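Worksheet for the structure shown next.
This one's a predicted model, so the numbers in the text were calculated from it and none came from an experiment.
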Amino acid sequence: MRIGELARRAGTTTRALRFYESQGLLEAQRTANGYREYDEHDLRLVSEIQSLQAVGMSLEDTRPFVACLRAGHESGDSCPDSREVYRRKLAEVDACLEQLQGVRDFLLARLAFQDPCLVAEPKEFKCS
């Protein structure tokens, strides 16, 4: 399939596909007249990249998953390097959640100081 069809089927743009190619994430075959040619495996690679980016991973983070699929694995997350990305991202998420919990605790403490009717949650009041 040509680049336009791949873009349509993947729900992306030809520009994004060319960018993936320039970053080494996608490798197009070339026809005799120079057109890019893709197959179903390329569609699978693009879908993997998109699904990972949709949950906040960078293009760099997607590399091990793409490499895993290129190596013939059924799933991009079945290789050790891919699982390491998951562990690293999970640690980042945990750190963000911890920071947000600190912010939440601070805000609750400030609300409780200003409003003595506040119990533990802003929606729970002991005074009316």
Side-chain angles (χ1 to χ4, degrees):
M1 77 187 89
R2 290 209 179 133
I3 193 168
E5 182 181 349
L6 177 61
R8 181 184 55 75
R9 289 183 62 192
T12 190
T13 64
T14 57
R15 184 176 178 182
L17 297 176
R18 286 187 196 100
F19 182 71
Y20 295 162
E21 187 177 344
S22 76
Q23 297 300 302
L25 294 168
L26 194 60
E27 295 175 4
Q29 300 299 313
R30 295 287 182 153
T31 62
N33 58 4
Y35 288 118
R36 289 174 172 87
E37 191 69 27
Y38 300 96
D39 60 19
E40 293 299 319
H41 189 261
D42 295 312
L43 178 60
R44 174 70 180 97
L45 293 177
V46 173
S47 296
E48 185 81 1
I49 293 166
Q50 290 174 317
S51 67
L52 293 167
Q53 284 196 297
V55 295
M57 291 197 189
S58 69
L59 272 182
E60 192 61 33
D61 291 331
T62 69
R63 287 186 189 284
F65 299 88
V66 169
C68 193
L69 288 171
R70 280 190 181 146
H73 295 272
E74 295 260 337
S75 172
D77 53 13
S78 60
C79 295
D81 289 346
S82 302
R83 290 191 300 272
E84 184 54 38
V85 171
Y86 281 150
R87 284 193 267 299
R88 182 175 48 78
K89 294 304 277 186
L90 190 56
E92 290 174 16
V93 168
D94 288 342
C96 286
L97 289 173
E98 188 176 318
Q99 182 180 9
L100 286 172
Q101 184 62 48
V103 171
R104 186 177 191 282
D105 292 345
F106 172 83
L107 295 171
L108 282 171
R110 290 299 181 136
L111 280 172
F113 178 75
Q114 293 299 320
D115 188 351
C117 295
L118 185 68
V119 180
E121 296 290 329
K123 295 177 185 172
E124 298 176 20
F125 292 93
K126 61 182 176 184
C127 306
S128 287

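Looking at H73 and C79, their side chains come closer than 4.5 Å, going by heavy atoms from C-beta outward. In this structure, the side chains of F65 and D81 stay at 4.5 Å or more apart for every pair of heavy atoms.
Atoms CG and CG, on L45 and L26 in that order, are 6.5 Å from each other to the nearest 0.5 Å. Atom CD of E27 and atom NE2 of H41 lie 10.5 Å apart (nearest 0.5 Å). Atoms CE and CD, on M1 and E40 in that order, are 4.5 Å from each other to the nearest 0.5 Å. Here the straight-line distance linking atom CZ of R18 with atom CD1 of I3 works out to 4.0 Å at 0.5 Å rounding. E21 CD to D42 CG: the interatomic distance, rounded to the nearest 0.5 Å, is 9.5 Å. The distance from the CE atom of M57 to the OG1 atom of T62 is 9.5 Å, given to the nearest 0.5 Å.
Of the possible polar contacts, one joining the S82 side chain to the G76 backbone as a donor-acceptor pair under 3.5 Å is found. Under a 3.5 Å cut-off, the side chain of S47 and the backbone N or O of L43 do form a donor-acceptor pair. Here the side chain of T31 pairs a donor or acceptor atom with the backbone of Y35 at under 3.5 angstrom. Side-chain atoms of R70 come within 3.5 Å of backbone N or O of L25 as a donor-acceptor pair.
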- Task: Evaluate the criterion side-chain contact (heavy atoms from CB on, under 4.5 Å) for residue pair E98 and D94; output intermediate values, then yes/no.
- Result: CA-CA 6 Å; E98 188 176 318; D94 288 342; over 6 Å; no
- Test R2 against E5 for salt bridge (charged side-chain N to carboxylate O under 4.0 Å, His left out), laying out the working first. CA-CA 6 Å; R2 290 209 179 133; E5 182 181 349; over 6 Å; no
- Item | Test side-chain contact (heavy atoms from CB on, under 4.5 Å) applied to L111 and L107, step by step | CA-CA 6 Å; L111 280 172; L107 295 171; 5.5 Å; no
- For C68 and S75, run side-chain contact (heavy atoms from CB on, under 4.5 Å): C-alpha distance rounded to whole Å, both residues' side-chain angles, the deciding distance at 0.1 Å, then the answer. CA-CA 7 Å; C68 193; S75 172; over 6 Å; no
- Message: Pair R30, R36 - check side-chain contact (heavy atoms from CB on, under 4.5 Å), show working.
- Response: CA-CA 5 Å; R30 295 287 182 153; R36 289 174 172 87; 3.5 Å; yes
- Take E92 and R88 through the test salt bridge (charged side-chain N to carboxylate O under 4.0 Å, His left out) and record every step on the way to the result. CA-CA 6 Å; E92 290 174 16; R88 182 175 48 78; 3.2 Å; yes
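Scanning for ring-ring contact (aromatic ring centres under 6.0 Å, His included) contacts around Y38 gives an empty result, with sequence neighbours left out. When the side chain to side chain donor-acceptor pair (under 3.5 Å) test is applied to S22, no partner is found at least two apart in sequence or on another chain.
Pairs passing the side-chain hydrogen bond (donor to acceptor under 3.5 Å, both in side chains) check and including a residue from residues 48-59, sequence neighbours excluded, read Y20-Q53, R44-E48, S58-D61.
Hydrophobic clustering (ILVMFWY, side-chain heavy atoms < 4.5 Å, transitive): L59 and L69 are in one cluster. Under a hydrophobic-cluster definition in which Ile, Leu, Val, Met, Phe, Trp and Tyr are linked whenever side-chain heavy atoms come within less than 4.5 Å, directly or via other members, L6 and L52 are assigned to different clusters.
No more than 12 heavy atoms of other residues, nucleotides or ligands sit less than 6.0 Å from atom CD of Q99. Atom CZ of R87 is surrounded by more than 12 heavy atoms from other residues, nucleotides or ligands within 6.0 Å.
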